[in-house]
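Just so it is clear, the structure is predicted and the values come from calculations on it, not from any experiment.
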Amino acid sequence: MKIRHVMKGVFTVIENVELTTTAPEEGFYWIDADVEDLEVLQPLFSLHDLAVEDCMTEEEQRPKIETYDNHYFIVVNSIRYDDEEIFLRALSMFLGRHYIITVTKQKINELRAIKPILWEQEVSEPDRFLYYLTDLVVDNYFTVGDRIEVKIENLEEDILMHTKRSHLNEIIGLRSEILWLKKVLGPQKEVINILNKKDLRLIDDQLQKYFSDIYENAVKISENFDTFRELVGNLREAYQAAIANRANEIMRVFTAITTIFIPLTLITGIYGMNFDHMPELHGQYSYYIVLGIMLALGAGMFYLFRKRDWI
């Protein structure tokens with residue numbers, strides 16, 4: 001657990017957590033805690049039992065906002081894209097009049113990225129901290145969306161140039177991740193909309209209006225993932241078309257080869273008959289003449305098919 005007094009973006013480390021129960025003369029306290037720290041923090045700040053239980057559960061947290069007498073409990077999902085896999089990590093926050101408690105189970109990049117913003121904006125209120133942190137979380141979805149778009153473009157090009165069966169697994173996996181994210185974005189968008197419109201006494205009225213910008217970004221992200229879902233559907237159609245085209249190409253080559261060998265087989269069949277009265281069989285150069293005719297016929301048909309781009 002890390003405890004900081006924040007005044008105009010300047011951090012002062014606090015060693016004794018009990019000091020944070022009393023509002024400072026200026027600024028606010030930011031407590032960056034682990035789940036285990038809630039056993040100490042809950043009685044000090046009268047955190048609601050249900051909110052603490054939500055933090056401790058092993059189940060995936062749905063984005064939400066709950067209002068209690070002396071604090072709000074807010075859950076948003078931070079997104080990461082590592083090694084071609086998408087991860088969502090719950091960021092739980094307790095917002096009070098003079099403090100904000102952030103609770104995470106894994107490291108979240110936005111908590112590190114928020115520090116220079118607090119310094120630059122000279123933040124001294126916990127609700128402004130909440131605003132900038134939420135803005136960072138939502139903006140990171142754009143970054144992940146750009147990477148997904150690049151992956152779709154690269155996959156499409158690879159499918160058109162070198163179709164492989166492994167591409168189908170990539171398409172199915174990517175589609176599943178996009179649908180999963182789309183499902184998560186709905187509740188998160190509603191949380192931001194509540195922060196924008198609902199009368200919340202712990203958030204300044206003037207600041208609350210700025211949450212509308214974050215909400216608009218959340219709507220854009222949701223629309224982007226709708227577009228990605230359609231693009232992945234197009235990828236699957238392109239894959240199936242490429243597989244069908246390759247099968248047609250193979251069948252066309254086989255058909256051409258078979259067509260070339262049909263007249264050659266006819267010739268060998270005729271001269272393979274065991275009749276005594278076949279004058280050609282007794283000629284000195286008959287064998288070489290027939291081979292030459294077969295070779296010329298095969299080469300001629302191959303040239304004709306090649307010229308017409310059949311093989």
Side-chain angles (χ1 to χ4, degrees), residues 32 54 59-65 72-93 95 100 102-118 120-121 127-156 170-171 173-198 203 207-235:
D32 188 14
D54 285 341
E59 298 179 0
E60 185 176 300
Q61 281 297 305
R62 177 185 175 93
K64 61 182 177 180
I65 177 171
Y72 301 154
F73 177 60
I74 304 164
V75 179
V76 295
N77 281 323
S78 171
I79 190 170
R80 290 190 64 178
Y81 192 35
D82 296 331
D83 298 327
E84 302 301 318
E85 282 191 78
I86 299 173
F87 300 93
L88 289 181
R89 295 179 173 177
L91 171 59
S92 303
M93 294 172 283
L95 177 68
I100 185 166
T102 56
V103 183
T104 58
K105 294 179 181 178
Q106 302 95 6
K107 292 183 179 179
I108 292 181
N109 293 334
E110 287 85 349
L111 290 178
R112 292 195 296 269
I114 192 68
K115 296 176 183 178
I117 296 177
L118 299 179
E120 181 181 350
Q121 300 297 328
D127 53 351
R128 290 189 66 198
F129 178 99
L130 172 67
Y131 166 75
Y132 287 117
L133 183 56
T134 307
D135 190 37
L136 275 178
V137 169
V138 172
D139 282 347
N140 204 26
Y141 278 81
F142 282 111
T143 303
V144 173
D146 291 340
R147 294 183 62 183
I148 291 176
E149 186 175 8
V150 170
K151 182 176 181 179
I152 292 174
E153 292 175 354
N154 293 338
L155 189 55
E156 181 180 20
E170 293 185 50
I171 292 171
L174 187 58
R175 182 177 182 275
S176 299
E177 288 184 334
I178 290 174
L179 290 176
W180 173 55
L181 283 174
K182 177 64 179 173
K183 183 179 179 181
V184 171
L185 285 172
Q188 184 140 304
K189 187 170 58 175
E190 290 306 313
V191 168
I192 299 171
N193 193 32
I194 292 173
L195 291 171
N196 172 34
K197 292 185 176 180
K198 188 176 180 179
I203 299 178
L207 177 64
Q208 196 168 5
K209 297 177 182 178
Y210 286 92
F211 279 97
S212 62
D213 291 333
I214 303 179
Y215 178 72
E216 290 176 4
N217 288 337
V219 172
K220 290 178 183 177
I221 291 167
S222 182
E223 293 173 350
N224 287 347
F225 279 92
D226 282 335
T227 303
F228 295 154
R229 184 176 59 180
E230 294 176 3
L231 291 176
V232 170
N234 294 338
L235 277 184

About how many Å separate [atom2] of [Y] and [atom1] of [X], when rounded to the nearest 0.5 Å?
X	Y	atom1	atom2	answer
I192	S212	CD1	OG	11.5 Å
D127	Q208	CG	CD	9.5 Å
E149	L231	CD	CG	7.5 Å
I114	L136	CD1	CG	4.5 Å
I100	L95	CD1	CG	5.5 Å
L88	E177	CG	CD	10.0 Å

In sequence, state the C-alpha distance, the side-chain angles, and the governing distance for L130 and Y72, and then conclude on side-chain contact (heavy atoms from CB on, under 4.5 Å).
CA-CA 11 Å; L130 172 67; Y72 301 154; over 6 Å; no
Just to verify, what does [X] make a side-chain contact (heavy atoms from CB on, under 4.5 Å) with, not counting sequence neighbours?
X	answer
N217	D135, V138, D139, F142, K220
T104	L91, I108, L111
N140	I79, E110, T143
L179	R175, R229

Do R62 side-chain atoms and P187 backbone N/O form a donor-acceptor pair below 3.5 Å?
no
Kindly say whether K107 contributes a backbone atom to a donor-acceptor pair with the side chain of R89 at under 3.5 angstrom?
yes
Sequence neighbours excluded, which residues qualify as salt bridge (charged side-chain N to carboxylate O under 4.0 Å, His left out) partners of [X]?
X	value
K183	none
K182	D226
R128	E125

Listed by chain and number, what are the side chain to side chain donor-acceptor pair (under 3.5 Å) partners of [X], not counting sequence neighbours?
X	answer
D213	none
K64	D54, E66
Q121	Y132

Return the set of residues passing ring-ring contact (aromatic ring centres under 6.0 Å, His included) with F73 (not counting sequence neighbours), or none when no residue passes.
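Partners of F73 under the ring-ring contact (aromatic ring centres under 6.0 Å, His included) test: F94.
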F225: which residues meet the ring-ring contact (aromatic ring centres under 6.0 Å, His included) condition with it, sequence neighbours left out?
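Here the qualifying residues are F228.
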Of all the heavy-atom pairs spanning [X] and [Y], show the shortest one and how long it is.
X	Y	result
S92	V75	OG-CG2, 3.9 Å
A90	N77	CA-OD1, 3.6 Å
I86	W180	O-CZ3, 3.7 Å

Test V191 against T134 for side-chain contact (heavy atoms from CB on, under 4.5 Å), laying out the working first.
CA-CA 10 Å; V191 168; T134 307; over 6 Å; no
Measure the shortest side-chain to side-chain distance between N234 and I152 over non-hydrogen atoms and say whether it is less than 4.5 angstrom.
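With C-beta onward as the side chain, the pair stays apart.
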Determine, stepwise, if the pair I214 / L195 fulfils side-chain contact (heavy atoms from CB on, under 4.5 Å).
CA-CA 10 Å; I214 303 179; L195 291 171; over 6 Å; no
Evaluate the side-chain contact (heavy atoms from CB on, under 4.5 Å) criterion for residues N224 and Y141: first the C-alpha distance (whole Å), next the side-chain angles of each, then the deciding distance (0.1 Å), finally the verdict.
CA-CA 10 Å; N224 287 347; Y141 278 81; over 6 Å; no
